[in-house]
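Predicted, not measured: the structure shown is a model, and the values here were computed from it. A, B, ... follow the sequence lines: proteins, then strands. Residue 1 opens every chain.
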There are 2 protein chains.
Amino acid sequence: MSEPSLPEQIANELRRDILRGTLVPGAPLKERDRALEMGVSRTPMREAIRILSQEGLVVLRPARSPLVADPPLSDIMDHVIVLRALEELSGELACTNATEEDLDKLRAINAKFESEFYTADRLVSFETDMSFHMAIARASHNHALADTHRSFLARLWRARFLTSTRRRNRQTVLEQHAALLDALCRRDRAALKTAFDAHLGHLADDIRKVFEKEQT
Amino acid sequence: MSEPSLPEQIANELRRDILRGTLVPGAPLKERDRALEMGVSRTPMREAIRILSQEGLVVLRPARSPLVADPPLSDIMDHVIVLRALEELSGELACTNATEEDLDKLRAINAKFESEFYTADRLVSFETDMSFHMAIARASHNHALADTHRSFLARLWRARFLTSTRRRNRQTVLEQHAALLDALCRRDRAALKTAFDAHLGHLADDIRKVFEKEQT
DNA sequence: CAATGGTTTTTGGTATACCAAATCTCGAAA
DNA sequence: TTTCGAGATTTGGTATACCAAAAACCATTG
């Protein structure tokens, strides 16, 4: 296993800052200053910013500083719609293509998620949440699908992170994950689709609520 | 409307070369040499190569020359599967969201496609084909979906280009486009889905054939 | 005091220089 | 003759220098 390249490391660093709120939406990302304070040159910093722009976390403007993305609610909802389609396709394919190993991995991740539930740190439990969904996508054994799915998860990272604040939500998520896992193990397409719809419908509602609250 | 940036221009240039076959799959893309012979510096050439790698036309290797992509058939089929899901979702959303202007644009593109049918140049008629599909995706009024869809079309560009060789195929494509347009104008979800299935099923078969022929 | 125009500063885009890792070459040794 | 390794070379990764466009600032003027 090779360690991530320098631009990727920088991108990870910036991503964390964005998700944690150190870098607020709409803030400019001056590549020169940022490179200086991180002790790297502009070139890899530049590439890191491109990576984040591809993930939708920053927006590029011609001849201007890149900005930390601050997408309108409609944009996020568009992403949720596509994510739902991708996850349902993943599930459908996984029902026929998933191996026992795939399922074991999923069970392991789910167990990890449940055990982490009380240990608090949101970012950690959140990353486990992500990896659960990514593991389902990978179980489809469709590489293109898994990649695209991962990209959409990344784009929704911030919005989902904000909704994961409330403990009540996390409890619901726990149950929904169990439903997903169960349906997949039984290779029950219909049940899996239903579970995804519930999970993502819930997500859409939560995001809407967070936005309304932010409005004040 | 602003002109494309230098990296984009370079990427377009390289893309054409790859599609036309000037750059064969598996060939290395030495950024230094390529930049020199195009009269630009390595920096924008580097970015152009990143763009193409994101489109799947070239593959990056750590500490090695990037290569013109030569994906196995299974990879391409994976992409076709996802593309189908994306187009069906586009159609479904377009049935409710498309405006009359959207439909007019589609009719115009389709007319252009039909008229170009006999004027030969494959690359031109091929680009019109692409723009027809992209217009449907745009009619969904889901920006994220349209973007992702475009990216998948780009990744399948080469494979689809190869299958567009035979005139017979192009005739069929003509009819299938008409069916798509008709279903969308009637806002008939089911018919649209059927038409997409036919269109993309056909594409999958064609690609398979081209690959089998290439094997020799 | 407000508006305007020109100058300075900031900032991203591009070119170039330097470095380190991977590869290739070719000769020496078994 | 074959194999192996040291040095030369190729090549991508990174740092730095230069440039042009945009913005901010300020002085001048009505």
### Query
D:dT14 C1' sits how many Å from A:L36 CG, rounded?
15 Å
### Query
Hey, is the side chain of B:R42 pairing donor to acceptor with the base of D:dG13 inside 3.5 Å?
yes
#### Entry: Minimum-distance nucleotide (side-chain atoms of B:L6 versus C:dT14, C:dA15, D:dA15)
C:dT14
### Query
Taking atom CZ of B:R61 and atom OG of B:S53, what is their separation to the nearest 0.5 Å?
13.5 Å
#### Entry: Options C:dT14, C:dT23, C:dT11, nucleotide nearest the side-chain atoms of B:R64
C:dT23
#### Entry: Separation of D:dG12 P from A:E47 CD (nearest whole Å)
13 Å
### A:R138/A:D102 salt bridge by N-O under 4.0 Å criterion
no
### Query
Do the side chain of B:R61 and the base of D:dG12 come within less than 3.5 angstrom through a donor-acceptor pair of N or O atoms?
no
### Task
Determine: side-chain N/O of B:S5 to OP1/OP2 of C:dG13, distance under 4.0 Å, yes or no.
no
### Message
Can you tell me which nucleotide in C:dA15, D:dG13, C:dG12 comes closest to the side chain of A:R46?
### Response
C:dG12
### Task
For B:T43 and for A:R32, locate the closest nucleotide of DNA chain D by heavy-atom distance; then report the residue assigned to the nucleotide nearer the 5' terminus.
B:T43
#### Entry: NE2-OG distance between A:H79 and A:S151, expressed to the nearest 0.5 angstrom
7.0 Å
### Message
Do A:C95 and A:L184 have side chains that approach each other closer than 4.5 Å (heavy atoms only, starting at C-beta)?
### Response
yes
### Query
Rounded to the nearest Å, what distance is computed from the CD atom of residue A:E31 to the P atom of nucleotide C:dT14?
11 Å
#### Entry: Length of the CD1-C1' vector between B:I51 and C:dG13, whole Å
14 Å
### Query
Tell me: NZ of A:K30 to C1' of C:dG12, nearest whole Å?
12 Å
### Message
Regarding A:R15 and A:N12, do their side chains bring together a donor and an acceptor under 3.5 Å, going by distance alone?
### Response
yes
### Message
Need one value for A:L29: base, sugar-phosphate or nothing, where a base atom within 4.0 Å counts as base even if backbone is also close, heavy atoms only.
### Response
sugar-phosphate
### Task
Rounded to the nearest angstrom, tell me the gap between atom CZ in B:R50 and atom C1' in D:dT14.
12 Å
## Note on the structure
B:D33 has its side chain closest, among C:dT16, D:dT11, C:dT11, to D:dT11
### Message
By the 4.0 Å heavy-atom rule, please label B:P62 as base, sugar-phosphate, or nothing.
### Response
nothing
### Query
Would you say D:dT14 has OP1 or OP2 under 4.0 Å from some side-chain N or O of A:S41?
no
### Message
Can you measure A:M45 atom CE to D:dT16 atom P for me and round it to whole angstrom units?
### Response
14 Å
